[in-house]
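The chain is numbered in sequence order, starting from 1. Please read all numbers here as calculations on a predicted model, not as lab measurements.
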Amino acid sequence: MNTKSNHDLEIPDFPDDNTMNIWAHPGTKIKVTEQTVQNGYTGDQEVVKKWLEIGKVYTVAYTEVGQSRTSVVLQELPERKFNSVNFVEV
């Protein structure tokens, strides 16, 4: 396993840990995968399963970065918020 140095902190590089950038710009393409649909709380997982398709590409409208959670609003479903941990960038 490789590590990335962030000042004095060594951060492990997990090649399978590809959740999206929480600071993603509008227009960024993202999708839910078989792995990321399992991330987050049970409620996050249920919302993703109800409203989104695994493998389908969606477009970020904007993100709302909080202290312990980042919400993603999609151009395709602007009335819903999803947890960023359920997406990877494509």
Side-chain angles (χ1 to χ4, degrees):
M1 172 182 349
N2 297 329
T3 58
K4 298 176 190 171
S5 180
N6 184 4
H7 302 289
D8 295 328
L9 178 66
E10 290 294 322
I11 302 171
D13 178 23
F14 298 104
D16 295 330
D17 183 22
N18 294 323
T19 57
M20 67 173 285
N21 177 357
I22 62 173
W23 302 104
H25 294 283
T28 300
K29 301 297 184 182
I30 59 176
K31 68 179 178 179
V32 178
T33 68
E34 292 287 343
Q35 292 77 31
T36 62
V37 74
Q38 300 172 41
N39 293 345
Y41 294 106
T42 302
D44 297 325
Q45 297 166 8
E46 290 170 353
V47 167
V48 167
K49 289 174 185 175
K50 179 177 181 176
W51 293 100
L52 303 176
E53 295 177 39
I54 293 174
K56 181 177 178 180
V57 176
Y58 296 94
T59 307
V60 173
Y62 62 93
T63 62
E64 294 178 346
V65 179
Q67 287 184 326
S68 61
R69 177 190 176 98
T70 297
S71 295
V72 180
V73 176
L74 304 173
Q75 289 181 6
E76 295 82 0
L77 292 165
E79 70 285 353
R80 301 264 178 242
K81 292 182 182 179
F82 300 93
N83 192 332
S84 65
V85 300
N86 295 117
F87 297 96
V88 293
E89 291 184 38
V90 293

Worksheet item: Do E53 and V32 touch side chain to side chain, with heavy atoms closer than 4.5 Å?
Response: no
Worksheet item: Hey, quick one: are L74 and I54 part of the same hydrophobic cluster, counting side-chain heavy atoms closer than 4.5 Å, chains of contacts allowed?
Response: yes
Worksheet item: Do other residues, nucleotides or ligands put more than 12 heavy atoms under 6.0 Å from the CD atom of E79?
Response: yes
Practice prompt. Would you check if V88 and K31 make a side-chain contact, meaning some heavy-atom pair closer than 4.5 Å?
Written response: yes
Worksheet item: Do L52 and Y58 pass the side chain to side chain contact (heavy atoms under 4.5 Å, CB included) test, and can you show the C-alpha distance, the side-chain angles, and the key distance before you say yes or no?
Response: CA-CA 9 Å; L52 303 176; Y58 296 94; 3.6 Å; yes
Worksheet item: Run the side chain to side chain contact (heavy atoms under 4.5 Å, CB included) check on T63 and M20 step by step: do they pass?
Response: CA-CA 11 Å; T63 62; M20 67 173 285; 4.2 Å; yes
Worksheet item: Is a donor on one side and an acceptor on the other found under 3.5 Å between the side chain of T70 and the backbone of V65?
Response: no
Fill in: V60 and Q75: CA distance, side-chain angles, deciding distance, side chain to side chain contact (heavy atoms under 4.5 Å, CB included) verdict
CA-CA 6 Å; V60 173; Q75 289 181 6; over 6 Å; no
Discussion item. Check whether N86 reaches the backbone of T36 with its side chain - one donor and one acceptor, N or O, closer than 3.5 Å.
Written reply: yes
Worksheet entry | side chain to side chain contact (heavy atoms under 4.5 Å, CB included) between T19 and F87, worked out | CA-CA 6 Å; T19 57; F87 297 96; over 6 Å; no
Worksheet entry | Passing candidate, side chain to side chain contact (heavy atoms under 4.5 Å, CB included) with V72, options V85, I30, I22 | I30
Discussion item. Determine whether K29 and E89 satisfy the following criterion, salt bridge (Lys or Arg N to Asp or Glu O under 4.0 Å), listing intermediate values before the conclusion.
Written reply: CA-CA 6 Å; K29 301 297 184 182; E89 291 184 38; over 6 Å; no
Worksheet item: Got a salt bridge between D44 and K49, using NZ or NE/NH1/NH2 to carboxylate O under 4.0 Å?
Response: no
Fill in: W51 with V48, same ILVMFWY side-chain cluster at under 4.5 Å
yes
Practice prompt. For the residue pair Q45 and V37, establish whether any side-chain heavy-atom pair is separated by less than 4.5 Å.
Written response: no
